[in-house]
Each structure stands twice: as C-alpha cells, then as structure tokens.
Amino acid sequence: MGLTLTEKILKDHVVDGEFVKGQEIGIKIDQTLTQDATGTMAYLEFEAMGVPRVRTERSVAYIDHNTLQSGFENADDHRFIGSVAKKHGIYFSRPGNGICHQVHLERFGVPGKTLIGSDSHTPTGGGIGMIAIGAGGLDVAVAMGGGAYYITYPKIVKVNLTGKLSPWVAAKDVILEVLKRLSVKGGVGKVIEYTGEGVKTLSVPERATITNMGAELGATTSIFPSDEVTLEFLKAQDRADVWKELKADDDAVYDEIVEIDLSQIVPMAACPHSPDNVKTCEEIGRLKIDQVCIGSCTNSSFMDMMKVAYILKGKTVHPDVSLSIAPGSKQVLNMLAQNGALSIMIDAGARILESACGPCIGMGQSPNSKGVSLRTFNRNFEGRSGTKDGQIYLVSPEMAAVSALNGYLTDPRTLGEMPQFSLPAQFTINDNMIVPPAAEEEMDKVEILRGPNIKPFPETSPLDDSIECAVSLKVGDNITTDHIMPAGAKILPLRSNIPAISQHCFTVCDEDFPRRAKNLGRSIIVGGSNYGQGSSREHAALAPLYLGIKAVLVKSFARIHRANLINAGILPLTFVNEEDYDKIGQGDEIAISDVRAAVADGKTQLTVVNKTTGAQIPVLCELTGRTKDIVLAGGLLDYTREALK
Ligand code: MIC
Ligand code: SF4
C-alpha cells in the first residue's frame, strides 16, 4: 500500500509511538521558529530547561508582531530575544525584516523537513513541502532543546485539485472554499494534503496562502508536494540546493477526499466574525467599505503585491476608504521599491506600513466605529481588529485593491482581462537583517539583556487530589484565543508579564472575569465546542493558570490550545454528553473527587458533581501516558525538569 506525503515525512521523523490514527506520536523536529509575542515566554522556558545551545538544524527568532514601540516593553523584549538568540545558537531576524512565515518560506524552509513554530500559521511552510506545525512556546522550547514534539497521529485528507483558476480568482478563494466546505473545526485532528493536476498551476506563494490559512480549519497542518514549481521558487531564492522532489505515492490511501475544480471557484469573502462564514460577492451584495488592509502572512508575497500595484496603477483610493499596505518582508518591500511598484501604491494613496503583522493583530489601523474593513488576512474574530464593532471581511489582495478604488466590495473579475503575473527568476537577496548566533566558543561572553517588564513564569503546582471550586465563567461555542487572551497594541506589550496580562483575560466576553477568578482563588471554566480555536498563544493558558483555573470543561477543544492547557498543568475535560453543558452554570459549585488518583490510574471517564444542583455529569479526561504525567507534574516545565534530573 502506498504512502501519503504526510506519512512519508512523519515516518522519517518518528522517534516515539506507533503509527495508529488517533494515538500520540513523538517526532524529531529539524527546525523551529518563534515570533516576539510568544518568543519571550518560549525563551524564558528554554533558559529554564538549562540547555546551552539549540539542538535543531535551524532555529530562528523573528520580531514581527510587537513592532509598535509606544513604551519600553516591546523594545526591551526585542533586545532580550536578540541576546538569547545570539547566546544559544539561534538566528535572529530583526524588526523590519518581515513576518516570520513569509521570511521563513523565502530564506529557511526546506522540503521534507519538520518545523514547529510558536505561531499557529507555521503551516505556511507546507507550501514548500514541509511538515510545519503551530505549537505552544513551551513545546517549541522543548524542541529547541532536542526533545520530540508530540502530535496525535492525524487523519489525512486529500484535496484533489483539478483545473486552473480563472482570471482574477485567487489562492485565497481556494482556501475560503475549503473553509466554506469544512468549517473552522473541520480540520481538527487532520492533515490536509493537496494533490492532483491543479497543484502545478499554483506558485509557491499561492500554495503558502492555502497552507497558511489551513490553520483556520483547525488542522494539524496542510502540505503541498515539492515539485518543479517548488524548485523554481527555491532557485529564485538562491536555495536550489535544498530542493528535493516529494510527493504521495499514486496508490496512497487517504481518510477523506475532497474534490476541488479550480476553474469553478469564484471570488469570495469570509464575513464577520468567522473565517468560515464565506459568501460570494453576489450573496453579500453592495457593501460600502471604510477601510482596506493588504498584508499579513497570508497574502503579502511579491506576487500579491504586484497584482495590487497593477490594479492601483494610475488610480486614486476612494475618498471614503483608508487603504494600508504592509509588504510581508524586507525582500518584498525592497523589490517593490526597486521596480517602481511601491511608487504606484504611494501614488494611489496607499498608507505604506512596515513589513510586520501590524493591523492583523490589532497593532494599529483599527477601523472607525462600526467600520467595514476588507482585509487580506486570515482571521476576522470579533474584537481582533482592536474595536468591538469592527466588521471585518477576509478577501484576496485582488478584491481588496479593486474595492479600495471603488469604495464598495467589488468582484475583481470586473477588471476584465488579466495580464500574466509570474514569479521573478531571481529575488533580491540580502540577509543583512538576519543576525547569526555567536560561535560556540564565544557564547559564554554574550550577556542576556532583560527589561523590567519580563516577569517569571507563573507558579505551578502538581494536580490536586480533588478539585472543589466554583465555575468562574461559562461561555458558548467557538471561543477563540482572541476572546481568552486578547491582543492588540495595548495588551501585546504585556506578553512577557503574565500577572499584568492576566488582567485582560476574557475581558472581551466578561470584563469582571479576571477580578472574579482571582478572588475565588481557584475555579473552573465551562465552554462549548471548538474552545480555544485560533492562535498558538500559550498566554491563553498561562493567564488562566495565574488566575487559579484548575480545569476547563467544554464540548470540544481546538488542538493547540488543548496542548497549551496540558502544558500549563490545567486539566482539559470534555462532556460525554454534549447536552450536559446545560446542567452546569456560571457560579455553580462543583467537585471532582479523587481526581489525582483517577488520572494517575489512567481513568478516562470522571464525574463532575454539580453541588449547586445535585447533577452528576460524566466527563472525559483523555490523557495519554505522557500528557497524563505532564498534568500530574503541574505542567510541561515541571515535567521536563523532572525528566532532566
Ligand atoms: C495570531 O495570528 O493570532 C498570532 C498573533 O500570530 C498568534 C500568535 C500570538 O498570539 O502571539 C498565532 O496565530 O499563533
Ligand atoms: Fe502575524 Fe497575522 Fe500572521 Fe499572526 S496571522 S503571524 S498576527 S500576520
């Protein structure tokens, strides 16, 4: 029986466990990446492990999220990360060099290798045939120390692409189509593997748009084969030497098959407030817009920008629209400057932003009150843009640009004939903003530069014998990490300071939550399905830990967040019967007796007693040998320290 591409790469890297679907396997990690908003924690954790130098083939620390420096905090964090990187063998991509995923694809990604990154959009690397997975900072720290990364052996979905995209229909529309069909939880526990004749019609940046936004499916990762198109891209980056051909066997067996005829796809938008709320322009109708933002790790490649420049050429942005453009990397921005496209954008009235995440994570460009904003990004969760009432639509760069000119959402096919856009044969290469680490013999001389905003990891404790406490919060379905731990310009600078950032935990849903939870001392949270979708930010687990959350009981979890809860020593529980969600309310007192003994014995079914109503609620506590030990120890840091003793 033939193998899928995912199986081939995983088989090459497995170091622990068996290839049984649904079971945990440990894989060797070749490369890691961090960004600054999750990086400070990851490096504090790495330091706490006491490993002098990273044991990966390549580890890179990027600065791209917290680039607004309105106080000392972000600049201090950048300096801290730079010094840790230098000392411990990590490449340091300086602020201004670009968004981690875009730069990693350009300069570091290698087909067939494994990559984990402390950012949920790490699967961008799947665009050149990597198994690239988003993870919590602690998991990345362990991988930097040479430890395996554990995933549930995934189901593998084949997306069979046929045909060719019509003019002005974009890769973004392909992933929106997949999201429309599978939904934001349709990918949980799965790897999405793209195959078929249609693959060769898509360039590497287009493939990367698709694998990037596969994160919104909740998928473990997404991957394309490494073929001639990949080779062309790597050649143009002067990296042809890392290329190898990789594809699934013809007789590979998949768990599910999705057929997509590229020629049938039309331009679409994900409407507020979910990436799977996908509609065609026709379905949306005439929508007046206030703002357009072009950029983010999903759509900020050179090709995307050239299409935008073509559409804007000689025109002026509509007087009611504010257009901002953030090219994804220094390489992209520089090439636009060199070939005149930047001048076209400036001429048209675009506000040019630095190569960073920017508005995508609420770092500036928040829309006006009730503002309608078209963005080429990957997430439109409520509040993420920095305002509570912003109406965010996710669209392709083509749709964004033409709409910015017209003042209302416009189908880009109205542009008429489309010229041929192709990748340059040679990208402009200058890695002078990537600082290599100190040589091994020099590393002791490097001083770590810590700012006053960097506070230690919150206190953890081994799992209690029994849990008896109140429900401090009850929330509904599809709670995102942006609800749990909001980001944005005001809160992101606190990423290295858990006590301070905890004061913002869940405030999007309930302003009083941090105070209430802290006063209770210990409590649990109850939620609906797909709890914790979105980001890899471990702060969404560390802030609850700091606020005394002992367990989270939900209908179902998103993958990375569940792992982060376990890593923080918080018990992840799911309802056996989803209807029991109604039998437990905010403020109820609950008890889970002898929970430590039950978990230690490997019991997967426990009972939560609602002491307020008397209801007995069966819940699942599905921990494997390793995750069980982590929770018993009080989290991954304690577990790893124990293991290193
Ligand atoms: C995001 O897109 O939500 C982020 C900001 O990149 C996060 C990481 C973070 O919260 O720092 C992610 O996707 O993991
Ligand atoms: Fe940055 Fe946005 Fe990409 Fe997250 S999704 S890495 S915030 S550009």
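Remember, it's 1-based here, ligands and their atoms both numbered in the order they're listed.
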Answer with side chain, backbone, both or neither: which part of [X] has a heavy atom less than 4.0 angstrom from an atom of ligand 2?
{"X": "N378", "answer": "side chain"}
{"X": "D64", "answer": "neither"}
{"X": "H101", "answer": "side chain"}

Practice task
Please state whether Q35 comes within less than 4.0 angstrom of ligand 2, counting heavy atoms only.
Solution key: no
Top protein contact for [atom], by heavy-atom distance:
{"atom": "atom 10 (O) of ligand 1", "result": "R537 NE, 2.6 Å"}
{"atom": "atom 2 (O) of ligand 1", "result": "R384 NH2, 2.8 Å"}
{"atom": "atom 7 (C) of ligand 1", "result": "S535 OG, 3.1 Å"}
{"atom": "atom 1 (Fe) of ligand 2", "result": "C357 SG, 2.3 Å"}
{"atom": "atom 13 (O) of ligand 1", "result": "S120 OG, 2.5 Å"}
{"atom": "atom 8 (C) of ligand 1", "result": "Q35 NE2, 3.1 Å"}
{"atom": "atom 11 (O) of ligand 1", "result": "R495 NH1, 2.8 Å"}
{"atom": "atom 4 (Fe) of ligand 2", "result": "H65 NE2, 3.8 Å"}

Exercise for the section: Measure the distances from the heavy atoms of M485 to every atom of ligand 1 and state whether one is below 4.0 angstrom. Expected result: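 No heavy atom of M485 comes that close to ligand 1.
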Handout entry: Any H539 heavy atom less than 4.0 Å from ligand 1
Key = no
Between [X] and [Y], a side-chain donor and acceptor under 3.5 Å:
{"X": "S496", "Y": "D77", "result": "yes"}
{"X": "T32", "Y": "S59", "result": "yes"}
{"X": "H13", "Y": "D30", "result": "yes"}

Practice task
Salt-bridge test for D276 and K185: reply yes if a basic N is under 4.0 Å from a carboxylate O, no otherwise.
Solution key: no
Handout entry: Charged N-O contact under 4.0 Å between D482 and R379
Key = no
Handout entry: Neighbour count above 12 (heavy atom, 6.0 Å) for R94 CZ
Key = no
Practice task
Would you tell me which option among G362, C297, G358 has the nearest heavy-atom contact to atom 3 (Fe) of ligand 2?
Solution key: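 The residue whose heavy atom sits nearest atom 3 (Fe) of ligand 2 is C297.
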Practice task
Please indicate whether any nitrogen or oxygen in N378 is less than 3.5 Å from any nitrogen or oxygen in ligand 1.
Solution key: no
Exercise for the section: May I ask you to check whether F381 and H483 place their ring centres under 6.0 Å from each other? Expected result: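 No, the ring of H483 stays outside the 6.0 Å limit from the ring of F381, centre to centre.
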Handout entry: Main-chain N/O of C357 paired to D64 side chain as donor or acceptor, under 3.5 Å
Key = no
Exercise for the section: Please work out whether the ring planes of F506 and F513 are parallel, tilted or perpendicular, with thresholds of 30° and 60°. Expected result: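 Rings of F506 and F513: perpendicular, as their planes differ by over 60°.
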Problem - salt bridge (Lys or Arg N to Asp or Glu O under 4.0 Å) evaluation trace for R107 with D431 - result: CA-CA 8 Å; R107 307 304 305 142; D431 290 331; 2.9 Å; yes
Problem - N/O/S atom of C360 inside 2.8 Å of atom 2 (Fe) of ligand 2, strictly under - result: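 Here the distance criterion (N, O or S atom, under 2.8 Å) is met by C360, so yes.
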